[in-house]
Asker: 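Quick one: structure below, then a few questions.
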Amino acid sequence: MLKLEQLYEGKAKKVYRTENPELLIISYKDDATAFNGQKKGTIYGKGVINNKMSNMLMKYLEKQNIPTHFVEELNDRESLVKKVSIVPLEVIVRNIAAGSFSKRYGIEEGIVFDSPTIEFSYKNDALGDPLLNDYHIHALKIASEEELETIKKYSFGINRCLKELWSKCNITLVDFKLEFGRLSDGTIVLADEISPDTSRLWDSATGKKLDKDRFRRDLGDVEAAYDEVMARLNKII
Ligand code: TMP
Ligand code: ASP
């Protein structure tokens, strides 16, 4: 599939048009940002890992009846995906308190919830991705009631699948962020990526953080953590 002009450049990926109006090519970069782009850096090799890992996870989810945008891995950093119109929501599923949840509600990181939680942010960098509840989502016409129910059902289903998969790698899935899109016929599918950039992954034995928090919090060994997660996943998939 021929890569035509660049349509969009985000913080971690570039998106290109192809000859097929229903398909796009995404290209994963090594660029890393945090705190709404205020902190910038490079995680060497991250683009290759995130491309491969996200594709592996989406293929696995497809088998569990979760529709995704994934079509085909083209090379180390690039994949062919279905063109979607992104629903401007960051959907965050949490199993354990950490990050902004701990900060906002003043609870220690590591407290395990009785059942998973879900929250939504408005995907809007200029506004700092403000939190939204279901009523706000409807008032702002971001998604219909039916679409939001589908998004919630898929998100909790993805959590069940990924929790089990990561546990086979001796990794605890703390939380993660998802984005969904609409195909041209309106079907909701999982889009964007699932990677250590968008998930909190803790070593089940030691609690060591094996995700982008190593970059956000200047913990060091960032590349080694991404390599470690990829190596563990490769062993079990
Ligand atoms: P948070 O605790 O900072 O809200 O993050 C929750 C999860 O969402 C965590 O796994 C990291 C991920 N995340 C993103 O993928 N993109 C973002 O812009 C933010 C803030 C978090
Ligand atoms: N990628 C997001 C940003 O630039 C935040 C994050 O992942 O922490 O700000």
Side-chain angles (χ1 to χ4, degrees), residues 8-15 26 28-43 46-47 49-51 53-54 57-58 68-69 86-113 116-133 151-152 154-156 158-159 161-163 165-166 169 171-181 190-204 207-219 222-223 225-226 229 233:
Y8 171 80
E9 177 162 9
K11 287 180 284 204
K13 295 187 283 298
K14 292 178 184 174
V15 180
I26 48 177
Y28 286 76
K29 306 189 285 182
D30 285 350
D31 298 355
T33 62
F35 315 118
N36 203 10
Q38 288 175 67
K39 180 182 170 103
K40 288 190 173 70
T42 303
I43 302 175
K46 169 173 89 80
I49 288 180
N50 286 4
N51 181 39
M53 194 181 296
S54 195
L57 296 175
M58 289 210 190
T68 79
H69 72 165
I86 287 283
V87 178
L89 288 177
E90 301 209 339
V91 181
I92 295 169
V93 179
R94 301 179 192 267
N95 297 303
I96 297 176
S100 68
F101 188 97
S102 287
K103 202 166 167 193
R104 185 177 317 116
Y105 303 116
I107 70 161
E108 206 183 308
E109 289 202 319
I111 305 281
V112 181
F113 303 141
T117 73
I118 195 164
E119 72 204 40
F120 304 96
S121 299
Y122 190 17
K123 193 173 150 59
N124 184 320
D125 283 344
L127 298 175
D129 298 338
L131 272 183
L132 291 169
N133 67 27
I151 287 172
K152 287 183 192 169
Y154 287 160
S155 299
F156 284 122
I158 292 166
N159 185 46
C161 295
L162 293 185
K163 239 168 79 169
L165 188 74
W166 286 124
C169 303
I171 287 173
T172 303
L173 178 61
V174 174
D175 58 34
F176 56 94
K177 186 260 307 181
L178 301 171
E179 292 182 27
F180 292 88
L190 178 66
D192 193 49
E193 68 180 273
I194 310 178
S195 70
D197 270 21
T198 62
S199 315
R200 284 197 174 91
L201 305 168
W202 293 354
D203 182 282
S204 303
K208 182 174 175 181
K209 296 182 195 334
L210 298 172
D211 57 66
K212 194 178 165 191
D213 269 350
R214 301 205 73 78
F215 167 80
R216 296 189 187 98
R217 302 178 186 193
D218 296 319
L219 300 174
V222 186
E223 282 87 358
Y226 279 68
V229 173
L233 190 62

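Both ligands and their constituent atoms are indexed starting at 1 by order of listing. In what follows, residues are counted from 1 in the order of the sequence shown.
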Asker: Atom 17 (C) of ligand 1: which protein heavy atom is closest, and how many Å away?
Answerer: E90 OE1, 3.9 Å
Asker: Compare all side-chain heavy atoms of W202 with those of I96 and state whether any distance is below 4.5 angstrom.
Answerer: yes
Asker: Quick one: do R200 and D175 satisfy salt bridge (Lys or Arg N to Asp or Glu O under 4.0 Å)? Show the steps, please.
Answerer: CA-CA 5 Å; R200 284 197 174 91; D175 58 34; 2.8 Å; yes
Asker: Any idea which residues sit under 4.0 Å from ligand 2, heavy-atom distances?
Answerer: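 Contacting ligand 2 under 4.0 Å are K11, T33, A34, F35, N36, G37, K212, R216.
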Asker: Could you pull out all residues at least two apart from L131 that satisfy side-chain contact (heavy atoms from CB on, under 4.5 Å)?
Answerer: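 Only R104, E119, S121 meet the side-chain contact (heavy atoms from CB on, under 4.5 Å) criterion with L131.
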Asker: Are K39 and D218 within salt-bridge range, i.e. N to O under 4.0 Å?
Answerer: yes
Asker: Tell me, please: is K103 in heavy-atom contact with ligand 1, that is, under 4.0 Å?
Answerer: no
Asker: What are the atoms of ligand 1, with element, lying closer than 4.0 Å to any heavy atom of T198?
Answerer: 10 (O), 12 (C), 15 (O)
Asker: Below 4.0 Å from any atom of ligand 1, is there a heavy atom belonging to K123?
Answerer: no
Asker: Tell me the closest heavy-atom pair linking I107 and F113, and the distance in Å.
Answerer: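 So the two residues come closest at CD1-CE2, 4.4 Å.
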Asker: Would you find a donor on one side and an acceptor on the other, under 3.5 Å apart, between the side chain of K29 and the backbone of G10?
Answerer: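 Such a contact is found between K29 side chain and G10 backbone.
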Asker: Just jot down the ligand 1 atoms closer than 4.0 angstrom to any heavy atom of G99, in number order.
Answerer: 2 (O)
Asker: So, does E109 use its side chain to make a donor-acceptor pair with the main chain of G99 at under 3.5 Å?
Answerer: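 Answer holds: yes.
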Asker: About how many Å separate CD1 of I92 and CD1 of I118, when rounded to the nearest 0.5 Å?
Answerer: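 The distance works out to 10.0 Å.
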Asker: Quick one: OH on Y226 to CG on D30, what's the gap to the nearest 0.5 Å?
Answerer: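 Answer for the OH-CG pair, Y226 versus D30, is 10.5 Å.
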Asker: What part of R94 sits under 4.0 Å from ligand 1 if we count only heavy atoms: the side chain, the backbone, both or neither?
Answerer: side chain
Asker: Considering non-hydrogen atoms of the protein only, which is the closest contact for atom 14 (C) of ligand 1, and what is the distance?
Answerer: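 In this structure, atom 14 (C) of ligand 1 has K177 CE, 3.6 Å as its nearest protein heavy atom.
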Asker: Is there at least one protein heavy-atom neighbour under 4.0 Å from atom 20 (C) of ligand 1?
Answerer: no
Asker: Going by the rule side-chain contact (heavy atoms from CB on, under 4.5 Å), which residues pair with A12 if we only count those two or more places apart in sequence or in a different chain?
Answerer: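 Partners of A12 by the side-chain contact (heavy atoms from CB on, under 4.5 Å) criterion, ordered by chain and then number, come out as K46, E193, D197.
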Asker: Could you tell me whether the side chain of F176 reaches within less than 4.5 Å of the side chain of N159, counting heavy atoms only?
Answerer: yes
Asker: Which of the atoms of ligand 1 are close to S199, meaning less than 4.0 Å from one of its heavy atoms?
Answerer: 10 (O)
Asker: Under 3.5 Å, is there a donor-acceptor pair between the side chain of S54 and the main chain of I194?
Answerer: yes
Asker: What protein heavy atom lies closest to atom 3 (O) of ligand 1? Include the residue and the distance to one decimal.
Answerer: R200 NH2, 3.6 Å
Asker: Which residue supplies the protein heavy atom nearest to atom 10 (O) of ligand 1, what is that atom called, and how far is it?
Answerer: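 Ranked first by proximity to atom 10 (O) of ligand 1 is D175 OD1, 2.5 Å.
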Asker: Can you sort out which atoms of ligand 1 are near R216, meaning under 4.0 Å from one of its heavy atoms?
Answerer: 11 (C)
Asker: May I ask you to identify, for S100, whether its side chain, its backbone, both or neither come under 4.0 Å of ligand 1 on a heavy-atom basis?
Answerer: both
Asker: Sequence neighbours left out, what passes side-chain contact (heavy atoms from CB on, under 4.5 Å) with P88? Give chain and number order.
Answerer: Y122, K123, I142
Asker: Does D197 approach ligand 1 within less than 4.0 angstrom via side chain, backbone, both or neither, non-hydrogen atoms only?
Answerer: backbone
Asker: Which ligand 1 atoms are under 4.0 Å away from a heavy-atom of F176?
Answerer: 10 (O)
